[in-house]
*Asks:* 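Sharing a structure below in structure tokens format, with a few things to ask.
FYI, side chains are in, hydrogens and waters are out, and symmetry mates aren't considered; it's all heavy atoms of this structure. Throughout, protein chains are lettered first and strands after them, A, B, ... in sequence-line order, and every chain is numbered starting at 1. Since this is a predicted model, take the numbers as computed values, not measurements.
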Amino acid sequence: MTESVAENSLSREQEYSLVDQAIAGDHDAFSKLVMAHQSRIYSTIFQMVGNHEDANDLTQDTFLKAYKALKSFKKNSGFFTWLYRIGINLSINFINSRKRRRFLSFDNPDHDAERESEILQLISDKSPGKNVDLSELKQKLNEAIDKLSDKHKAVVVMHDIQGMSHEEICEVLQCSNGTVRSRLFYARQQLQALMNDYLKNE
Amino acid sequence: MNKNFDEKDIQKLLRWKGSEMPPQEYFDNLHHSILERIRSEASSKGQVGWWNQITEHFDRASLNFNFKWALPVAAVLAVTGLIFVNQNTPPLEEQMVVTQPASGFRATDIQTPHPVASTVPGKFLNNLQSASYSSNQLVYPPTASPIPKTSLIKGDPHFPFGNSQNLNSYPTSKWPRENESSSQP
């Protein structure tokens, strides 16, 4: 499996070594693993649950659960994949258990200007002369993602938002490549329909 | 010009959404919060039970008294006390006496059916320990037979005033009188 999405600079051997040290009770070793993966795990959970408070709690829960289950970690896969599986499962359980859903984007997100201009261009192409409100567009996108089922949402978040490969998603979700591809296709179709409604209504 | 979003447009929108992140300061503190939770859970796991918490509380209070020995010492003292009391208590049969109705005593005045008394002063309590109360009646253990041959219970075969259910109908001439013996010739 490629470690394309793993933002950390740790090699797999280094991660295994840190896991062994953490099992032996070395908190600093586990701290290094947390720092290496926290932003990716947080970002994925945030895209799944849709608000910072819940994402913060679930990110902490993910690492806590991972710490308690370190002994059960088999070294035939990447630590990041294993961590991701815990985070995604916790998020899905949380989404299913909560009564009211809130989807709140950051007020001042640290967007890169190049990507924003690309989106502005895209909207103006699709709807010429339209005054584009990016926060409103994002809100519509949040609502559309929230309408997806948990499994479809997980695949979209991991592939299209986080940039994970099909193989990585297969390993996290423990399903076949074909399943991942079909879920991704269906989810994009659904998002396309929902966002086109937005364009037409505007 | 296609006015609809196609698959690539959706992917662009999703990638744009993926750039949403909290400020870097948040991540600077996140791992500290996680380690804090791990440490707090580990420390709470170490506290075995309420007894440890109590002893720790007293230890923290720097009391001279070693509270850990209180329960065992109290248990030993209680057992020793019970053994001592039992060794100095005569058998139950010796303690029980049959209380005869006093002359002039009216059976209708009886409130407790089986009055228990002891010939040894201060041993009354021991009688009660070998019996148990059920409402206002004493129930004796099967080994003891403290039921007197003369009973003061209405309807009992040993009731000295006959088995009439209605004492008011019992001839008053048969009631024992206080001065009955002196009036006899």
*Asks:* With a 4.5 angstrom heavy-atom cut-off, which part of A/Leu191 approaches chain B: side chain, backbone, both or neither?
*Replies:* both
*Asks:* Determine, for B/Glu20 against A/Lys138, whether the closest basic-nitrogen to carboxylate-oxygen distance falls under 4.0 angstrom.
*Replies:* yes
*Asks:* For chain A, which residues of residues 26-36 of chain B have at least one non-hydrogen atom nearer than 4.5 Å to it?
*Replies:*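 So far as heavy atoms go, B/Tyr26, B/Phe27, B/Leu30, B/His31, B/Ser33, B/Ile34, B/Leu35 are the residues that approach chain A to under 4.5 Å.
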*Asks:* Using only non-hydrogen atoms and a strict under-4.5 angstrom cutoff, which residues of residues 73-81 of chain B touch chain A?
*Replies:*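 The list, in residue order, is empty: none.
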*Asks:* For residues A/Asn51 and A/Asp54, is any side-chain donor paired with an opposing acceptor at under 3.5 Å?
*Replies:* yes
*Asks:* Under 6.0 Å between the ring centres of A/His52 and A/Phe46?
*Replies:*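 No, the ring of A/His52 stays outside the 6.0 Å limit from the ring of A/Phe46, centre to centre.
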*Asks:* May I ask you to name which of A/Asp61, A/Thr59, A/Thr44, A/Val156 has the most heavy-atom pairs under 4.5 Å with chain B?
*Replies:*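 Highest number of heavy-atom pairs under 4.5 Å: A/Asp61.
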*Asks:* Can you tell which part of B/Ile38 gets under 4.5 Å to a heavy atom of chain A, answering side chain, backbone, both or neither?
*Replies:*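 B/Ile38 touches chain A through backbone and side-chain heavy atoms alike.
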*Asks:* Can A/Asp160 and A/Arg188 be counted as an ion pair, charged N to O under 4.0 angstrom?
*Replies:* yes
*Asks:* Under 3.5 Å, is there a donor on one side chain and an acceptor on the other for A/Glu13 and A/Ser17?
*Replies:* no
*Asks:* Between A/Arg85 and A/Val172, is there a donor-acceptor pair closer than 3.5 Å when you use the side chain of the first and the backbone of the second?
*Replies:*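 Yes.
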*Asks:* So for A/Gln192, is it side chain, backbone, both, or neither that comes closer than 4.5 Å to the heavy atoms of chain B?
*Replies:* both
*Asks:* When you compare the side chain of A/Gln47 with that of A/Met158, does any pair of heavy atoms fall below 4.5 Å?
*Replies:* no
*Asks:* Decide if atom CZ of A/Phe73 counts as having more than 12 heavy atoms of other residues, nucleotides or ligands within a radius under 6.0 Å.
*Replies:* yes
*Asks:* Using 30° and 60° as the class boundaries, would you call the ring planes of A/Tyr84 and A/Phe80 parallel, tilted or perpendicular?
*Replies:* perpendicular
*Asks:* Is it true that the side chains of A/Glu168 and A/Thr81 contain a donor and an acceptor less than 3.5 Å apart?
*Replies:*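 Short answer, no.
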*Asks:* Can B/Asp6 and B/Lys12 be counted as an ion pair, charged N to O under 4.0 angstrom?
*Replies:* no
